[in-house]
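Reading through the structure tokens given below for one structure.
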Amino acid sequence: AAARGELAYLDDLAYQVEEARDADERAALAALLGLEPRTHGRRPAAAGKPGKAAAGEKSGRVPPGVETHHLPGGAVVYVGKNAAGNEQIYRRLSRGDDLWFHARNLPGAHVLLKTPGGRPATEAEIEAAARQAARNSKGKNDSRVEVLCLPRKYLKKPKGGKPGQVLISGPQRTFTVRLPPT
């Protein structure tokens, strides 16, 4: 079981490296893992600025590695773009009854749905968050992706767990998200 968990984590990291949009994202991932990124066999002069807010985000409000999507009605969907972003969603942004989403049995983003005042999420909000989990997973080019959904209070960090790694327990729902052909 431990070896399967480690393989799943490594598969997720490989996916994150493939999806990194630029050298700064790759450098942030390397730093998270305690690695020194290299370019053509040499260390780069600067490896990006950790803690820098994403373009268009208010500094200090959304952690690095996290993308936001505002929904009608005031709900917000947070998408972890890498292991550091996934960790920030788990540790900093989420609370007990917020809904957490992840593509089932596939590497991908942790997605969090927060509603204003902690009100129950509507089905449209849940579908939007599930779609983000599917689109930000290795299954993004498939016609259908299964997505897990459960309240954040049923997640926990495994002892000695790596960044972005969580254990799931408790009640969960599974959605099948149909994605348009690419």
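- Taking 4.5 Å as the limit, every side-chain heavy atom of Val111 sits out of range of all side-chain heavy atoms of Tyr78.
- Looking at heavy atoms from C-beta onward, Val66 lies in side-chain contact with Ile89 at the 4.5 angstrom threshold.
- The list of salt bridge (Lys or Arg N to Asp or Glu O under 4.0 Å) pairs with a residue in residues 154-166, not counting sequence neighbours, reads Glu6-Lys162, Glu87-Lys157.
- For the salt bridge (charged side-chain N to carboxylate O under 4.0 Å, His left out) test with Asp98, the passing option among Arg119, Lys153, Lys114 is Lys114; the others fail.
- Looking at Leu112 and Leu99, their side chains never come closer than 4.5 Å, going by heavy atoms from C-beta outward.
- With rounding to the nearest 0.5 Å, the separation of CZ in Arg178 from OG in Ser143 is 7.5 Å.
- Note on Leu106: it clusters hydrophobically with Val147, by side-chain heavy-atom contacts below 4.5 Å among ILVMFWY residues.
- Here the CG-CZ distance, from Asn141 to Arg135, works out to 12.5 Å after rounding to the nearest 0.5 Å.
- At least one side-chain heavy atom of Pro171 sits less than 4.5 Å from a side-chain heavy atom of Tyr154.
- Closest non-hydrogen pair, Ala103 versus Val145, comes out as CB-CG1, 4.0 Å.
- Closest non-hydrogen pair, Leu179 versus Gly139, comes out as CD1-O, 3.9 Å.
- Under the side chain to side chain contact (heavy atoms under 4.5 Å, CB included) test applied with Val77, the options Glu67, Arg131, His69 reduce to a single match, His69.
- A single hydrophobic cluster is not seen to contain both Phe101 and Leu93; linkage of ILVMFWY side chains at heavy-atom distances under 4.5 Å, directly or through other members, places them apart.
- Side-chain contact check for Asn136 and Lys81: at least one donor-acceptor pair (N or O, by modelled atom type) lies under 3.5 Å.
- Salt-bridge check for Arg173 with Glu146: failed, with every basic side-chain N at 4.0 Å or more from each acidic carboxylate O.
- In this structure, Asp97 does not pair ionically with Arg152, as no charged nitrogen and carboxylate oxygen lie closer than 4.0 Å.
- Considering all non-hydrogen atoms of both residues, Gly108 and Asn86 come closest at O-ND2, 3.9 Å.
- Side-chain contact between Leu148 and Phe175 is absent, with no heavy atoms from C-beta onward closer than 4.5 Å.
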Tell me, with the steps shown, if Ile168 and Leu150 meet side-chain contact (heavy atoms from CB on, under 4.5 Å). CA-CA 9 Å; Ile168 298 170; Leu150 64 150; 3.7 Å; yes
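- With sequence neighbours excluded, the residues forming a side chain to side chain donor-acceptor pair (under 3.5 Å) with Thr122 are Glu125, listed by chain and number.
- Classification of the His102-His110 ring pair by plane angle, with boundaries at 30° and 60°, yields perpendicular.
- Thr115 has its side chain out of reach of Pro120: every pair of non-hydrogen atoms, C-beta onward, lies at least 4.5 Å apart.
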Output, in order, the C-alpha distance, side-chain angles, deciding distance and verdict of side-chain contact (heavy atoms from CB on, under 4.5 Å) for Leu113 and Ile126. CA-CA 8 Å; Leu113 174 61; Ile126 291 170; 4.2 Å; yes
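- Both Leu71 and Val177 sit in one connected hydrophobic cluster of ILVMFWY residues. Membership requires side-chain heavy atoms under 4.5 Å apart, directly or through other members.
- Looking at heavy atoms from C-beta onward, Pro158 lies in side-chain contact with Gln165 at the 4.5 angstrom threshold.
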